[in-house]
Amino acid sequence: MLTLKFIQEHKTEVVERLKKKNFDASEIVEKILSLNEKRRNLLKASESSQAEMNSLSKEIGALYRSGKADEANKAKAKTAELKNTIKELNADLDTVEKELHEELVLLPNLPHDSVPEGRTAEDNEVVKQGGEIPALDNSAVPHWDLIKKYDLIDFDLGIKITGAGFPVYKGKGAKLQRALINFFLDEAEKAGFKEVLPPLMVNEDSGFGTGQLPDKEGQMYHVTADNLYLIPTAEVPVTNLYRDMIVKASDFPIKNCAYSACFRREAGSWGKDVRGLNRLHQFDKVEIVQITHPDISYRALEEMVAHVQTLVEKLELPWRILKLCGGDMSFTSALTYDFEVYSAAQERWLEVSSVSNFENYQSNRLKLRFKEDGEKQTQLAHTLNGSALALPRIVAALLENNQTPEGIKIPEVLVPYTGFDIIN
RNA sequence: GGAGAGGUGGGUGAGUGGCUUAAACCACCGGUUUGCUAAACCGGCGUACGGGUAACUCUGUACCGGGGGUUCGAAUCCCCCCCUCUCCGCCA
C-alpha cells in the first residue's frame, strides 16, 4: 500500500506514474485526499472533546477527594453531552478511516522510472540473454514423454491420491528434486542469504501482510477448519518474519533464503500451458528475500538478479532476462525482472524466476520499519524477493535440452548432488 | 480432545476504579569518572495519528492480546473472541 503521506505530497506524480501500469488513479486519489481531509477534521474535533473530558474527570476526582460531593455532581452533569459528542465523532471517524483504507488498498505500487511502457507480456523488454539453444535431432521429445520413458514422475498416481497437478516424483526423478533444492540452497548461502525453513501454512495476518489477502484469496488453499492458508511461496512466511518490527539500520541488509513446497490453486488455468511440469498445484522452490535500506534497494535487486543468473549459467541452460513492462507487472511490484529458460523440445521460453523490488509497498502493510542509528524517527524498509529457483520448469528444460540417444545428461554442477550423471 | 494458569513497554515484572505522568530491575544509548577493561554515578529510553514551529524544544489524543459494555473516570469491574503456557490423553 502506498503511504498516505506520499500521496498527499505527490498527488499528480502518483496519477502520472500509475498510467504506466494502465491504471487510472485520478478518481481514487481525489477521493483519498478528500477523505483524509474529513478524517483530520473529525480527529481534531474528537481529540479536543476528549481532552476536555479528561480534564473534567480529573476535576471531579479531585472534588470527591476533598469531600465536595455537591460540586462534583454538578460537574458530572456537564459531561453527559460531551460524552455523546465524542461517541458520535468517533463513530464517524471510524467510518471515514475504513473508507480511506478501502481506497488506499486499491492503488497499485508505482512502477520504477525504468519500467518500459506496455500492456502485455509481448511488451516486456529482453535485457540480457545467455547460453546456447541446443540443436536437438528429430527424435527429440518434450519432457512429459521423457518423464514417462524414464519413469521419473508419475502424474497418474498423483491424480489417484490427490488430484491433477500433484505429481509423484520417483527414483532418479525424486533424487533430482532433492539435488536441485540442495544446490540452490547452497548457492544462496554462498551469496549471503541465511537459510530458514518456514512453516508451510500461515495465518490470516501473514496473508494480508504480503498482499495475498484479501485480493488473491482464491489463489491459495484455505484450511477452513483452522483458518490457515497453504503458502503459495516461501516469500509469505519469510517476509512475515519481519512483520510489525522496527529494526536498526545497521542490521541491513537482512538476507534470507528458504526452500519450501508451494501450493497454488491456479484457478482458471487451462490449455497447453499446463501440460507436464509447466504448471502445477504443488511444486518446490527456493526463494530469496531481502530487506534493505531504501537507498540501496536497487543495488540489492541487481545483486539478486546476478545471483539468479549464476544459477541458470551453472545449470548450462539457455536463459534470458526480461524487464517487465508496466502492464505485465504485479500489483505490488515497483520493478520486476523475469528469468526464462528455453525448453528446446517444447520450443518455448519458460518463466523460472521473478525477482522484484517492492520498495516500501509491502513494508507499509507489514509495518516493517527501521531507524537510522541515533535517530528517533522510523522509516519504512524496502523489501525484495525472487525465486532462486522454482524447480518444475527447470527440470522440464534440463530434461528436454540434455536428451541424447544414450539418456539425459546431468549438468556437471549437479552431479555431486544427484550422485549420477545420466538418466537412462 | 479434557482440566487449569496466564497475556502489561526490547526483556523480567509490579500494579483490584482517581497520589499512575504504568513502579522497579535488566538490556540499550549518551555523558561524567577512569591508564585499559570493569564498576560507579547522572541523564535518556515506546508506537501511531493530529496541532504548532524556520528548526529543535513544545503540545493533544489513542494504545496494557482483540472487540464491546459499566462509570464523570478503566491496565484494574462485566461480556464475547483470540492466543500462549502447564498437566492429562493421543501421537512422529
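These figures come from a predicted structure and were not determined experimentally. Per chain, numbering begins at 1; letters A, B, ... match sequence-line order.
When each of A:Ala62 and A:Gln50 is assigned the nucleotide of RNA chain B with its nearest heavy atom, A:Ala62 is the one assigned upstream, toward the 5' end. In terms of position along RNA chain B, the nucleotide closest to A:Ala51 lies nearer the 5' end than the nucleotide closest to the other residue of the pair A:Ala51 and A:Asp226.
When the side-chain nitrogen and oxygen atoms of A:Lys371 are compared with OP1 and OP2 of B:rU47, one or more of them lie within a distance under 4.0 Å. Contact check, A:Asn54 against B:rA62: a side-chain N or O comes under 4.0 Å of OP1 or OP2.
Both tests hold for A:Arg365 against A:Phe208: distance to the six-membered ring centre under 6.0 Å, angle to the ring axis within 45°.
For A:Glu187 and A:Lys190, the salt-bridge test passes: some basic side-chain N is under 4.0 Å from an acidic carboxylate O.
With both ends at atom P, the span from B:rC82 to B:rG46 equals 34 Å, rounded to whole Å. Taking atom P on both nucleotides, B:rC72 is separated from B:rU86 by 44 Å, rounded to a whole Å. Here the separation of B:rC85 from B:rU71, taken at their P atoms, is 38 Å to the nearest Å. A gap of 32 Å separates the P atoms of B:rA92 and B:rA5, to the nearest Å. If you take atom P in B:rG10 and the same atom in B:rU47, they sit 8 Å apart, rounded to whole Å. Nucleotides B:rU33 and B:rC42, compared at atom P, are 16 Å apart to the nearest Å. When the P atom is used for both B:rC19 and B:rC79, the distance is 26 Å, rounded to whole Å. As rounded to the nearest Å, B:rA27 and B:rC91 have P atoms that lie 47 Å from one another.
Atom C1' of nucleotide B:rC63 and atom CG of A:Asn90 are separated by 14 Å, given to the nearest angstrom. Counting to the nearest Å, the C1' atom of B:rC82 and the CG atom of A:Asn203 are 11 Å from each other. Atom CD in A:Glu204 sits about 11 Å away from atom P in B:rC83, given to the nearest Å. Atom-to-atom, NZ of A:Lys367 to C1' of B:rC49 comes out at 11 Å; the value is rounded to the nearest Å. Between the CZ atom of A:Arg369 and the P atom of B:rG10 there is a distance of 10 Å, rounded to whole Å. Straight-line distance from the CD atom of A:Glu97 to the P atom of B:rA48: 15 Å, rounded to whole Å. If you take CD1 of A:Ile246 and C1' of B:rC29, they are 16 Å apart, rounded to a whole angstrom.
Under the 3.5 Å distance criterion, with hydrogens and angles disregarded, a donor-acceptor pair is assigned to the side chains of A:Gln212 and A:Thr210. Side chains of A:Asn278 and A:Gln346: a donor-acceptor N/O pair is present below 3.5 angstrom, by distance only. A donor atom on one side chain and an acceptor atom on the other are found under 3.5 Å apart for A:Asp338 and A:Ser354. Between A:Arg39 and A:Asn36, the side chains place a donor N or O and an acceptor N or O closer than 3.5 Å (distance only, hydrogens not considered). Side-chain contact, A:His293 with A:Glu372: a donor N or O sits under 3.5 Å from an acceptor N or O. Of the N and O atoms on the side chains of A:Tyr150 and A:Asn424, not one donor lies less than 3.5 Å from an acceptor on the other residue. Side chain to side chain, A:His222 and A:Asn227 meet the donor-acceptor criterion of an N or O pair below 3.5 Å.
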Quick one, give me the B/S/- string for nucleotides 65-75 of chain B, reading 5' to 3', where B means a protein heavy atom under 4.0 Å from the base and S means that only happens at the primed atoms, P, OP1 or OP2. ------BBS--
For side-chain hydrogen bond (donor to acceptor under 3.5 Å, both in side chains), just list the numbers for A:Thr336 and A:Ser333, CA-CA rounded to whole Å, side-chain angles, deciding distance to a tenth of an Å, and then say yes or no. CA-CA 7 Å; A:Thr336 298; A:Ser333 170; 2.6 Å; yes
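Partner assigned to B:rA62 is B:rU47, using Watson-Crick or G-U wobble distances below 3.5 angstrom. The partner of B:rU70 is absent, by the rule that a Watson-Crick or G-U pair needs both atom distances under 3.5 Å. Here B:rG7 sits opposite B:rC82 as a Watson-Crick or G-U wobble pair (both hydrogen-bonding atom distances under 3.5 Å). With a 3.5 Å ceiling on both atom-pair distances, B:rU34 lacks any Watson-Crick or G-U wobble partner. Pairing partner, B:rA54: none, since no Watson-Crick or wobble contact has both distances short of 3.5 Å. Shown here, B:rC87 forms a base pair with B:rG2; the pair counts as Watson-Crick or G-U wobble because both key distances fall under 3.5 Å. Across every strand in view, B:rA23 sits unpaired, with no contact that passes the Watson-Crick or G-U test at under 3.5 angstrom.
At the heavy-atom level, A:Leu82 lies nowhere under 4.0 Å from the strands shown. Residue contacts shown for A:Ala75 are absent, as no nucleic acid heavy atom lies under 4.0 Å away. Residue-level contact check: A:Ser48 touches neither bases nor backbone, having no heavy atom under 4.0 Å from any strand. Note on A:Asn73: nothing from the nucleic acid sits closer than 4.0 angstrom, heavy atoms only.
Residues from residues 30-46 of chain A with heavy atoms under 4.0 angstrom of RNA chain B, sorted by number: A:Arg39, A:Arg40, A:Leu43, A:Lys44.
To the nearest 0.5 Å, atom CD1 of residue A:Ile28 and atom CG of residue A:Leu104 are 10.0 Å apart.
Among residue pairs with one or both ends in residues 75-97 of chain A, those qualifying as salt bridge (Lys or Arg N to Asp or Glu O under 4.0 Å) are A:Asp94-A:Lys98; sequence neighbours excluded.
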